[in-house]
Amino acid sequence: SFYVAERGRLKLRRLFNYPNPFTTSTRFFFEHNQPGQPLEARIAIYTLSGRLVKVISTPITSHLNLSQEISWDGLDEYGDRLGRGVYLYRLEVRNTLTGETAHAQEKLVILR
């Protein structure tokens with residue numbers, strides 16, 4: 001199956017990380033409706049209590065609707081390994097030409 005979206009407003013679909021659960025590293029992927037546009041992705045990872053533990057920012061240059069992988073080694077902002085448990089992550093994607101943004105969120109599990 002496939003998904004067709006209007007090209008107008010920036011929309012996100014199918015945000016996921018693989019593997020999930022993971023022990024040492026994971027990769028984030030998402031679908032969007034603006035292939036070929038200059039996008040910037042920001043993934044913020046939180047504990048279940050809402051404490052921000054890591055922010056990953058990267059430009060996205062995708063000629064398809066699926067983003068390239070965004071890798072994460074499971075370390076927090078200070079380089080320490082996060083403990084076993086469930087974490088929330090929020091993706092914000094911004095079109096750098098128009099300034100338009102879209103958001104999505106999901107859960108991930110760390111097994112150590």
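Looking at Glu40 and Val93, their side chains never come closer than 4.5 Å, going by heavy atoms from C-beta outward. By the 4.5 Å heavy-atom criterion applied to side chains, Leu82 and Asp80 are not counted as neighbours. Side-chain contact check for Gln34 versus Leu39: some heavy-atom pair is nearer than 4.5 Å. Looking at heavy atoms from C-beta onward, Thr24 lies out of side-chain contact with Asp73 at the 4.5 angstrom threshold.
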List the steps, then state whether side-chain contact (heavy atoms from CB on, under 4.5 Å) holds for Arg14 with Phe30.
-> CA-CA 5 Å; Arg14 290 195 61 222; Phe30 60 93; over 6 Å; no
May I have the step-by-step check of side-chain contact (heavy atoms from CB on, under 4.5 Å) for Phe22 and Leu111, ending in yes or no?
-> CA-CA 6 Å; Phe22 71 96; Leu111 299 176; over 6 Å; no
For side-chain contact (heavy atoms from CB on, under 4.5 Å), just list the numbers for Glu77 and Val55, CA-CA rounded to whole Å, side-chain angles, deciding distance to a tenth of an Å, and then say yes or no.
-> CA-CA 7 Å; Glu77 290 291 344; Val55 175; 3.6 Å; yes
With side-chain contact (heavy atoms from CB on, under 4.5 Å) as the test, would you mind laying out the steps for Arg112 and Arg81 before giving the verdict?
-> CA-CA 10 Å; Arg112 296 202 201 256; Arg81 290 211 171 274; 3.0 Å; yes
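Linking Ile, Leu, Val, Met, Phe, Trp and Tyr residues whenever their side-chain heavy atoms come within less than 4.5 Å leaves Tyr46 and Ile110 in two separate clusters.
The shortest heavy-atom contact between Leu52 and Ile45 is CD1-O, 3.5 Å. Annotation for Ala41 and Ile70: closest pair CB-CD1, 3.9 Å, computed over non-hydrogen atoms. Taking both residues in full, the closest heavy atoms of Ser57 and Arg42 are given as OG-CG, 3.7 Å, listed atom of the first, atom of the second, then distance. Contact record, Arg27 with Ser71: CG-OG, 3.8 Å, taken as the closest heavy-atom pair. What you find for Pro35 and Leu64 is that their closest heavy atoms are CB-O, 3.5 Å.
Partners of Glu92 under the salt bridge (charged side-chain N to carboxylate O under 4.0 Å, His left out) rule, at least two apart in sequence or in another chain, do not exist in this structure.
Between Leu88 and the choices Lys107, Gln105, Glu106, the side chain to side chain contact (heavy atoms under 4.5 Å, CB included) rule is met once, by Lys107.
Using modelled atom types, no side-chain atom of Asp76 and backbone atom of Val53 make a donor-acceptor pair closer than 3.5 Å. Without hydrogens or angle criteria, Asn20 side chain to Thr26 main chain gives no donor-acceptor distance under 3.5 Å. A donor-acceptor pair under 3.5 Å is absent between the side-chain atoms of Asn95 and the main chain of Gly99, judged by distance alone. Between the side chain of Thr96 and the backbone N or O of Pro38 there is at least one donor-acceptor pair closer than 3.5 Å.
Between atom CZ of residue Arg9 and atom OG1 of residue Thr101 there is a gap of 8.5 Å, rounded to the nearest 0.5 Å. To the nearest 0.5 Å, atom NZ of residue Lys11 and atom CD of residue Glu100 are 9.0 Å apart. To the nearest 0.5 Å, atom NE2 of residue His103 and atom CZ of residue Arg90 are 5.0 Å apart. The structure places CD of Gln68 at 9.5 Å from CZ of Phe29, a figure rounded to the nearest 0.5 Å. For the atom pair CG of Leu66 and CD of Glu31, the computed distance is 6.0 Å after rounding to the nearest 0.5 Å.
Below 30°, between 30° and 60°, or above 60°: for Tyr89 and Phe28 the angle between ring planes is above 60°, a perpendicular geometry.
More than 12 heavy atoms of other residues, nucleotides or ligands lie within 6.0 Å of CZ in Phe16, so this atom counts as buried by the packing criterion.
Between the side chains of Arg13 and His32, no donor N or O sits under 3.5 Å from an acceptor N or O.
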